[in-house]
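I have placed the structure first, in the form of structure tokens, so that the comments after it can refer back to it.
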Amino acid sequence: MMLFATVKTLFAPSLGFAEGMPFLTTFTATAIGGVLGFMVFYFFSSQIMNYLNKKRKEGNRAKQLKKARKIVMMKRKYPMWLFIFILPFLSIPVMAVVVRKFYGRDKKITMLSCLATILFALLGCVTYPALK
């Protein structure tokens with residue numbers, strides 16, 4: 001369950017509850033797995049980005065520039081907390097790489113992202129029994 005939580009924190013509690021684990025154990029395992037997954041992908045995202053840049057072809061520069069402009073406009077238009085609390089819906093690795101790339105110099109981003117991951121673990125633990 002912790003391994004699954006490193007990628008999808010919101011849906012990981014369903015595994016714990018399906019196995020009959022109590023709420024506190026499920027929440028703790030999901031939160032720890034999500035935070036560890038975020039930390040691993042956050043601190044190794046520069047190596048991941050370097051690897052992906054080497055694999056990418058030197059294709060159309062105009063298309064790459066247009067995509068880069070869209071990303072910069074998104075960063076300027078939307079605040080940091082919106083990225084932190086929306087990206088866990090996608091996945092923890094995507095969240096970590098995007099947050100590191102956009103806000104890597106901000107010191108409080110790591111703590112806020114870990115807090116958001118814990119909140120999503122709690123949200124998953126609270127909503128799954130209600131849906132069942």
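Atom set for the values below is all heavy atoms of this structure, side chains included, hydrogens, waters and symmetry mates excluded. From a predicted model like this one, the values you see are computed outputs, not experimental measurements.
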Partners of P79 by side-chain contact (heavy atoms from CB on, under 4.5 Å), sequence neighbours excluded?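 side-chain contact (heavy atoms from CB on, under 4.5 Å) list for P79, sorted by chain: W81, L82.
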Residues which pass side-chain contact (heavy atoms from CB on, under 4.5 Å) with L3, listed by chain and number, not counting sequence neighbours: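 Once residues adjacent in sequence are excluded, the partners of L3 under the side-chain contact (heavy atoms from CB on, under 4.5 Å) criterion are T6.
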Interatomic distance, [X] atom [atom1] to [Y] atom [atom2] [nearest 0.5 angstrom]:
| X | Y | atom1 | atom2 | answer |
| --- | --- | --- | --- | --- |
| T127 | F120 | OG1 | CZ | 10.5 Å |
| R100 | S46 | CZ | OG | 5.5 Å |
| F23 | T28 | CZ | OG1 | 9.0 Å |
| N50 | S45 | CG | OG | 9.5 Å |

What are the two closest non-hydrogen atoms of [X] and [Y], and how far apart are they?
| X | Y | value |
| --- | --- | --- |
| S113 | F38 | CB-CZ, 3.2 Å |
| T30 | T26 | OG1-O, 2.7 Å |
| G34 | T117 | C-CG2, 3.4 Å |
| A31 | I118 | CB-CG1, 4.2 Å |

Applying ring pair (Phe, Tyr, Trp, His ring centres under 6.0 Å), can you list everything that pairs with F41, at least two apart in sequence or on another chain?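 F41 satisfies ring pair (Phe, Tyr, Trp, His ring centres under 6.0 Å) with no residue once adjacent residues are dropped.
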Using the test ring pair (Phe, Tyr, Trp, His ring centres under 6.0 Å), find all partners of F102 that sit at least two apart in sequence or belong to another chain.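 Residues passing ring pair (Phe, Tyr, Trp, His ring centres under 6.0 Å) with F102: F83.
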Donor-acceptor pairs under 3.5 Å, side chain of residues 7-19 to any protein atom, not counting sequence neighbours: which ones?
from, atom 1, to, atom 2, distance (Å)
K8, NZ, F89, O, 3.2
K8, NZ, L90, O, 2.2
T9, OG1, A5, O, 3.0
S14, OG, F11, O, 2.7

Given a cutoff of under 4.5 Å between side-chain heavy atoms of I, L, V, M, F, W and Y, with clusters grown through shared members, what are the other residues clustered with [X]?
| X | result |
| --- | --- |
| L24 | none |
| M2 | I32, L36 |
| F44 | V40 |

